[in-house]
K.L.:
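Just passing along the structure, written as structure tokens.
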Amino acid sequence: MPLAWGIVQMTLHNEPVLWESLLDTLNPQQKEAVLFKENQLLIVAGAGSGKTRVLMVKVVYLIQKDNVQPEHILAVTFTNKAADEMKERLLSLGISINTGTFHALALKILRSHGHYIGLEKNLVVYDEQDQKQLVKNTIDELSSNMAITEKPADAVEWINRKKDDLIEPDSEQSVTNSNLNSVYKYYNEKLSQCNAVDFGDIILKSIKLLKQYPDLRAYYQHKWQHILVDEYQDTNTAQAEFLKLIAGSNKNLTVVGDPDQSIYGWRGANIDNILYFNKTYPEARLFKLERNYRSTSKILSAANSLIENNLERHKKRLWTDNQKGPNVKALRVNTDREEAHLVCDLIEQHYIKGIPYRDMAVFYRMHSLSRVIEDVLLRRGISYCVIGGLPFYQRKEIKNVIAYLRILFNEADLISWKRIINIPARGIGKKSFEKIVDFTISQKIGFLDALRENKNIAGLSKKVRKECSALSDLLSGYKNKFADNENWEQETEQFFDKIGYIPYLEYAETAEKAGLRVNNVRSFFEAVYEYKKNNPIASLEDFLQTVSLRSGIDEWDEQEDKISLMTLHCAKGLEFNLVFLIGLEEGVLPYIRDTEDVSQIEEERRLCYVGMTRAKENLYLLSSKKRFSYANPVYAEQSRFISEIPDLKTQQPSKMKKQKKYYKPVNYDITASDEKFNQQIDEFLPGDYVYHYDLGKGQILGGTGKGKSKKFVILFDGDKTPQTVVASYAGLTKLEQ
DNA sequence: TATCACGGCGGTTCT
DNA sequence: CGCCGTGATA
């Protein structure tokens, strides 16, 4: 994709865009899909088949050949990052169109017109954490009347699925679980009281709005006469309905996707949207892009063989003219440690051959698998970045900052109030908070007013009253400053100074964590400035609503020369020369233990397929006989997916070229559960010389803990400062010296 | 109300 | 293992 796009950019550099020259870069199938315009069309585009390019050229073609006004074109993508990328690429051709995710678009609609259905403009978006909090309150309150056994997290999941599937409370499909139905209904009421929406609501309420107001619908249908949707296989029922409403009966709808890459079923994505596209759009034309430009033929044929094991799929077989390339390699090792070392060995080998780190990636089924790899990469001094994990805006210290800002423009946001009312500790605890909330309800006033009138709230202590007044003064003051001042961004830092937030972080945590958190908060302030610089007329609300829709993959900076570590879900849409798929074991990938559930296994298989098809030239599939899971060893068979690929002989690493430096002919797979080893560990004493498989020879200076958590302080040869290592994890061997 | 210690439990994660 | 929520105690 980048390569092909490079050609396009070269052709167009500093010249008026010529759609003819762009069309010339396309193959016949791609060309056909671009030129077709009588009806809605579905492009089933295999991995690496240049679908992004087709979408781009189509946009250019529409504008230049068909004289479509750019503002009438809308491109919908799966992530913010994809939206930004598309926008930027087109901008480099001098073209500006609307791009965004379903949620970003729908949120804009709600902000502009949500007041028709009772939503104020200053609404906030609740993420899963906020949802859990609100559902917890809901369950607590309902529990006096009914026995609700579901955990808040499960209830949230249930509610989200219902919203994705367009199922309302009290409807036939909701009352099947009467408890959860009640939670659902009451939770929705609470959301409205907070003037908040969750992610499901963003789509759901937009649908309601568009259905209820035909002129509004007509307005958007006119505004977006040409709609292009990427990653259509991952849309849910609600999103498909939303699309149907904004597309109307117009014939200019293009959706692109690949059913074989549908990996979000567990989150409500409805694969039928793409499989039965013509049920909704009977006249739609189907195009298939089956030529792959990304991978070597060996990688492609391995991936093809795998995915052909899925029964619920549209038949298609990707082909390529690319060279054969090196074999796909399946490697089985003894432990996760060994796997990590092997990955690092191979990384170093390929790096020497000229593949930059930025063109390498390690994929895994779940984040927890990254730890061992990270550890080894770190020790070997190979730079890497982990994509995903805990996103910046979900960190506690950042969520608190956001909560403070949120209440300044949406006083009704009780979840945020609850979050910050006692941070830093000011003696206003749970009980006092509830009293204040009750007061706001009985007096029908806002939270800030309630804080100010604390003398009328029964049962508050003198100290609490004092704190309430102080908080009320502080917040009221800044509420005005933020609202009235165009340069509101200049107030943020001072605001948190007044609150005493940084000192709070410094006192509350250990020095190391405190530093990290303070840095994060400072980064947040920088992000505020950055945002304001790029969006000079934006308000604080705009900023907060933007960040509420951002996360994980959006933070990725691909400029730096680092190896990327990420989950398979994160890998969708990306490509790398060298790809490692680790943890290819039964119980890890496929994760599901229930071998009966075909559709779940098939989704796991698609996940594996997505991972494999990210590789351009080199692909390694690694598995380990033993792996640590929450500090317990787990033994697993090699994944069935490996045996589903013919011609793939699993190699033992012993047959591979080793870098002696890192491989010592001892079994460094010594585990905490090994009794003999535990006894051995207890015999290690300060002064003893030991061998550490990574760090080499060293002398024990001291130790703490015992058993599994036994730690040693060791001064390794060549080091100036000693290091602390966890004995059970370090695989130490005693040296006679 | 604040703090600490303990128990339970853990997927993937876009928006 | 490490995080989170809960319950006991000052």
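Each chain gets a letter, A, B and so on, in the order the sequences are listed, and its residues count up from 1. Note that the coordinates shown come from a computational prediction; the quantities given were computed from them, not determined experimentally.
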K.L.:
Atom NZ of Lys81(A) to atom P of dT13(B): distance rounded to whole Å?
P.N.:
16 Å
K.L.:
Starting at NZ of Lys132(A) and ending at C1' of dG5(C), how long is that distance when rounded to a whole Å?
P.N.:
12 Å
K.L.:
Counting only side-chain heavy atoms from C-beta out, which of dT15(B), dG2(C), dA2(B) sits nearest to Ala425(A)?
P.N.:
dA2(B)
K.L.:
Does the side chain of His367(A) get closer than 4.0 angstrom to OP1 or OP2 of dT13(B) through an N or O atom?
P.N.:
yes
K.L.:
Less than 6.0 angstrom separating the ring centers of Tyr504(A) and Tyr501(A), yes or no?
P.N.:
yes
K.L.:
Check the angle between the aromatic planes of Tyr264(A) and Phe78(A) and answer parallel, tilted or perpendicular using the 30° and 60° thresholds.
P.N.:
tilted
K.L.:
Roughly how many Å is it from CG in Asp234(A) to P in dT12(B), rounded to a whole number?
P.N.:
17 Å
K.L.:
Check the phosphate of dC1(C) against Ser368(A), side-chain N and O only, distance under 4.0 Å to OP1 or OP2. Yes or no?
P.N.:
no
K.L.:
For Ser629(A), report the nucleic acid contact type (base, sugar-phosphate, nothing); a contact means any heavy atom under 4.0 Å.
P.N.:
nothing
K.L.:
May I have the distance from Ile428(A) (atom CD1) to dA2(B) (atom P), rounded to whole angstrom?
P.N.:
10 Å
K.L.:
Take Thr101(A) and Leu607(A), find for each the nucleotide of DNA chain B with the closest heavy atom, and name the residue whose nucleotide sits nearer the 5' end.
P.N.:
Leu607(A)
K.L.:
Is Phe199(A) stacked on the base of dT15(B), meaning ring centres closer than 5.5 Å and planes within 30 degrees of each other?
P.N.:
yes
K.L.:
Using atom NZ of Lys463(A) as one end and atom C1' of dA2(B) as the other, report the distance to the nearest whole Å.
P.N.:
11 Å
K.L.:
Tell me whether the centres of the aromatic rings in His569(A) and Tyr364(A) are closer together than 6.0 Å.
P.N.:
no
K.L.:
Ignoring hydrogens and angles, state whether a donor on the side chain of Arg419(A) or Gln129(A) is under 3.5 Å from an acceptor on the partner side chain.
P.N.:
yes
K.L.:
To the nearest Å, give me how far apart CE (Met366(A)) and C1' (dT12(B)) are.
P.N.:
9 Å
K.L.:
Which residue, Ile202(A) or Lys430(A), contacts DNA chain B at a nucleotide closer to its 5' end, judged by nearest heavy atom?
P.N.:
Lys430(A)
K.L.:
Regarding Phe78(A), tell me which of base, sugar-phosphate or nothing describes its non-hydrogen contacts under 4.0 Å with the strands shown.
P.N.:
sugar-phosphate
K.L.:
Using a heavy-atom cut-off of under 4.0 Å over every strand shown, decide if Glu603(A) touches base, sugar-phosphate, or nothing.
P.N.:
nothing
K.L.:
Which nucleotide sits closest to the side chain of Trp266(A): dG10(B), dT15(B), dT12(B)?
P.N.:
dT12(B)
K.L.:
Checking contacts here: which listed nucleotide (dC1(C), dT12(B), dT15(B)) is nearest the side-chain heavy atoms of His569(A)?
P.N.:
dT12(B)
K.L.:
Between dT6(C), dT1(B), dT12(B), which nucleotide gets closest to the side-chain atoms of Lys136(A)?
P.N.:
dT6(C)
K.L.:
I need the CG-P distance between Asn632(A) and dC9(B), as an integer number of Å.
P.N.:
15 Å
K.L.:
Ignoring the backbone of Thr567(A), work out which of dT12(B), dT15(B), dC1(C) is nearest its side chain.
P.N.:
dT12(B)
K.L.:
Asn422(A) near the nucleic acid: base, sugar-phosphate alone, or nothing, with a heavy-atom cut-off under 4.0 Å?
P.N.:
sugar-phosphate
K.L.:
Of all the choices, dT15(B), dT1(B), dG10(B), which nucleotide is nearest to the side chain of Leu549(A) once you look at every atom?
P.N.:
dT15(B)
K.L.:
In whole Å, what is the span from the OH atom of Tyr630(A) to the C1' atom of dC4(C)?
P.N.:
14 Å
K.L.:
Assess the pair Phe524(A) and Phe543(A): is the distance between their ring centroids shorter than 6.0 Å?
P.N.:
yes
K.L.:
For dT15(B) and Asn80(A) - does any side-chain N or O of the residue sit under 4.0 Å from the phosphate oxygens OP1/OP2?
P.N.:
yes
K.L.:
Would you check if there is a donor-acceptor pair between the side chains of Glu604(A) and Tyr591(A) at a distance under 3.5 Å?
P.N.:
no
